Every structure is written in C-alpha cells, then in structure tokens.
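Just so you know, these numbers come straight off a predicted model, no measurement behind them. First the proteins, then the strands, lettered A, B, ... as listed; each starts at 1.
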Number of protein chains: 2
Amino acid sequence: MGTRARHTVSRRSRPAKAPLSRDVIVASALSLLESDGLEGLSLRRVAAALDTGAASLYVYLANLEELYALMLDQALAEMPPTSGRKRGWRDRLKDYLASYLSILNKRPGLAHVAMSTISAGPNTLRMWEVLLGLLEEGGIDAEERVAGVDMLLLHVTAMAAEEDNRRSVGHDFKRVRNALAVVPRKDFPRLSTLFEQGLFSGSGDDVAIGWAVDVIVGGILANKHRG
Amino acid sequence: MGTRARHTVSRRSRPAKAPLSRDVIVASALSLLESDGLEGLSLRRVAAALDTGAASLYVYLANLEELYALMLDQALAEMPPTSGRKRGWRDRLKDYLASYLSILNKRPGLAHVAMSTISAGPNTLRMWEVLLGLLEEGGIDAEERVAGVDMLLLHVTAMAAEEDNRRSVGHDFKRVRNALAVVPRKDFPRLSTLFEQGLFSGSGDDVAIGWAVDVIVGGILANKHRG
DNA sequence: ACCTGAACACCGTTCAAGT
DNA sequence: ACCTGAACACCGTTCAAGT
C-alpha cells in the first residue's frame, strides 16, 4: 500500500465532511423522506446521514417542528414560477394546484407535515401570491380571494394526506372495503346500495383534484351571484 | 389493624380493578386526549391510567393505529341521530357538519388522528349514511353524492386540524403574522396589500365552516348545471 | 462559535414467564 | 385466556465538556 492508496482513501472517506448548514440539513432530511417516508425520518437519522450526532443539529434548528417547516418550504421551491400558458385562469389554477399536489405526493408524509405546520417561508409565500393572482384574474373579491386560497390549499393538502394514507396502510384500505361489503342494508341502505354500484373506488387522484377545484371555484362564483 | 380496616383498604385501592376491555381502553384514551392532548396520549399512559402495563393492551388492540380508529369512531357516537328540524336540507347539512367539527375540536389532536386514520366503525358509517341522505335530498346524483360527502368530510376534518394547530402552537401563529408584516412589497404585492387591509385574521371558526359548506355544495350544484 | 458523547425522559412493540 | 416485567430498538432534547 503506497502513498497513492492512502491518499485516495482519506479523500474518499472525508470529503471535507459536508460543513453542516441549514440547507444541507434540510436537503438531507428531504432525501431521507423521499426514500424512507416519514417513519424513516428522525433527527437522529438525518444527523447520521450527515455523519454527526443529533445534538449538532440544534445549532441550526430550534426543534423538529422547525425542520418540518423548512422541509415543506424547500419542497415548494419546485413549484412552477407561474402557470405559463395562456388559456383560462381556471385551467391554470387547476394545473398550478396539481403541481402542488404532485410535490406533496412525491414525498410520502410531507402532506401530513403540511397539515400540522405553518410555513411562512419564501416559497410558501410565493405560492400564495400566485394563487391570489389567479383568483384576482377570475374577478373574485379580495375577501373571498383570501378565504378561497386558504380553502383550495387546505383541500389539496388534505387530499394529498389522504392519498398518503391509502398508500402507506395499503391493506388497511382493504379492511375498509371489506367492512363496507358486509354493512347491514337495514341500517345503512344508502351505503350498501352505493357500494353495490361500485361507487367507492377511492379516487383521490388527478381526476379528483380537477373536480374538487372546479367545485370550490364554481362554488365561490355561485355564492357571489347569490349575494 | 383489625379485619375491618384491612377490608376497607383493599376495597378502595382495588375496586375490582376495572376488568379491562376494548371499551374501557378507548374511553380512557379519549379522556386522556381531552385532558392532555395528543402529546399526552400514549399506550403507556393509557395503560397506567388503567393501572396496568402497556403490554396488557395488546390483548385488545393490534397497535396504536387501531386505538386511534376506535377513538375516532367512539367520539362520533356523539353525533346527533339526524339534523332534527325541518328547514332546508342545506341548513341541516351545515348544522350536521358543524356538529362533526365541534366533536373534533373538543379533543385536541383528534382531527389529526382523523386525517391519518380510516375508520369503518358503526358511528362513522352512520355519519356517511346521514350525509348521503342529505345530498340525496338535495337532488345530487349518486356519483357526485359519494365524492361530495368525501369532499365535505375531508374539508371539515382539515379545518379542524388547522384550528388545532392554531391553538397548540399559539405563538408560532404570531410568527407567521410577523413574517407577513415584513413581506417585501416588490416580490409579494398582493400579500402585502391584503395584509394591510387586515384580511389575514385566521378565521377557521363557526363562520368559516358555513361558508365552506356553502361553497362546496354550491359548487357541486353549479357544476351539474354546466354539464 | 461550533460540535459532541452521554444522559434524560420518554416511546411502541415483543416475548418469555406467570396465573 | 389473560396479564405482566423486562427487554429491544428506538425517539427529541439538553447539557457539560471539548475545540
């Protein structure tokens, strides 16, 4: 084993040891989330991936909650700058929210993080700004714009969280189907009829989001026209 | 120490020792949730409240996840049998969903449980049945009834979860307000304008639920009339 | 200022052993 | 069949001690 071999080994095993920073921590956490899901994510594991101990992270983070908020905002960096095409504002709104949905769905558990965290990071604010602009373009009043964006984001986030459940529990979903199949017609006439007609597919996908956005936007507009 | 004293003490300290059952466990867990919130709830603590060890619970529960589902369904036992008054189906729908919201809001953390659990318990099914009936009364088609109930429940649950956050983090919410107050007008013109107009109150309460239900129901009806 | 090992106060779940 | 103590494999967070 000559000098060359020793040299190579030392370079490989300690490449300046990734100097640790908020960004590095958040990136590492997101990649852990993507590969192992929310159950596989912990401060200890993030630290281990960064070749250090969990205590070291507390120089950059107040707590786990803060890491969650940073992760969410970082993930939202992938949002398109604005929905490029011309078309109608309503279609662009649908596309934009579909982007949001797919960002959440790409990382198992991030939707749940989004449900329990309030981010005020730059990318989150930009998303709000874009959505407010789209509703403004649609001629929706200021007050209803705020409530509308809140409602749209809440709904898409919740849809993503539900989709997450469907994926992660897997056969628990089958348990629900079985429970429905056995439901007594006497007590639950509507449920059993609808089940027979195969109307409990468990949607939650790309189709469902378009429908939901249409319902919410259509509902806001309809409310306006009624006073 | 005579016989009498010994007798009394043994009665007091071990009143037949609460013979342990699914129902007892779930009731104990719900009361723990109500008093200490979700962070104060654990299998070990439920077991301790029942004067036993955590391992004993596994005779009645497969795991924590199952306890969550049982808790949710048990809490839903409080739902009114149906919204009693005559009035319109739409108002009764609003009241019914307001009941659901308040059941979730009474127990801090239950909304988050509801977001990550799929219950097929009797009380959950009854709630679905009632909601399906109300939308049927409203003349909404079968397919849209299912999607509509799903959407309504998802939304109210998500609202409750958000409300939960607002309460439990408390000053974190203030942090968001501060972040909004400082937002650069150049990059976020709409956000800063709306903030100045005081339109970020953080609603989420009884008013908001009526509005949201109106939007969703109105949206479903509006969609129908467009084809 | 930044990093760390060790400790603290917890978790859910399993399992061998008891009744 | 039901219950249990102890153990296993984890957590987030703190803190004294190092550089």
A:Y60 side chain near C:dC3 phosphate (N/O to OP1/OP2, under 4.0 Å): yes

Integer angstrom distance from the P of C:dA9 to that of D:dC10: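 Roughly 22 Å separates the two P atoms.
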
Could you write out each protein N or O paired with an N or O of nucleotides 17-19 of chain C at a distance under 3.5 Å?
none

Stepwise side-chain contact (heavy atoms from CB on, under 4.5 Å) test for A:R166 and B:I118: CA-CA 9 Å; A:R166 247 187 289 275; B:I118 359 174; 5.8 Å; no

Backbone of [Y] reached by a side-chain donor or acceptor of [X] within 3.5 Å:
| X | Y | value |
| --- | --- | --- |
| B:S99 | B:D95 | yes |
| B:R190 | A:L132 | no |
| A:R126 | A:G121 | no |
| A:N123 | A:Q74 | no |
| A:E129 | B:L191 | yes |
| A:R167 | A:N105 | yes |

Side-chain donor-acceptor pair present, A:N165, B:S116, cut-off under 3.5 Å: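 No - no donor-acceptor pair under 3.5 Å links their side chains.
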
A:Y100 and A:T157: side chain donor to acceptor below 3.5 Å: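 A donor-acceptor contact under 3.5 Å links the two side chains.
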
Closest approach to the side chain of [X], judged atom by atom: which nucleotide of [options] is it?
| X | options | result |
| --- | --- | --- |
| B:L20 | C:dG5, D:dC3, C:dC3 | D:dC3 |
| A:A55 | D:dC3, D:dG5, C:dA6 | C:dA6 |
| B:Y58 | C:dT4, C:dG12, D:dA6 | C:dG12 |
| B:S56 | C:dC3, D:dT4, C:dT13 | D:dT4 |
| A:L64 | D:dT13, C:dG12, D:dT4 | D:dT13 |

Take the protein atom [atom1] of [X] and the nucleotide atom [atom2] of [N], then report the distance between them rounded to whole Å.
| X | N | atom1 | atom2 | value |
| --- | --- | --- | --- | --- |
| A:E66 | D:dT13 | CD | P | 11 Å |
| B:E65 | C:dC11 | CD | C1' | 15 Å |
| B:L57 | D:dG5 | CG | P | 13 Å |
| B:I25 | D:dC3 | CD1 | C1' | 12 Å |
| B:L50 | D:dT4 | CG | P | 10 Å |

Non-hydrogen side-chain atoms of A:L110 and A:L38 separated by less than 4.5 Å: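 Not touching, per the 4.5 Å side-chain cut-off.
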
Interface residues of residues 34-49 of chain B with DNA chain C (non-hydrogen, below 4.0 angstrom): B:S42, B:L43, B:R44, B:R45

Residues B:R185, B:E196: salt bridge by 4.0 Å N-O rule: yes

Per-nucleotide pairing state of DNA chain C [Watson-Crick or G-U, under 3.5 Å; [ ] pseudoknot-crossing; | other strand]: ||.|||||...|||||.||

Residue among A:I25, A:D23, A:L70 satisfying side chain to side chain contact (heavy atoms under 4.5 Å, CB included) with A:Y60: A:I25

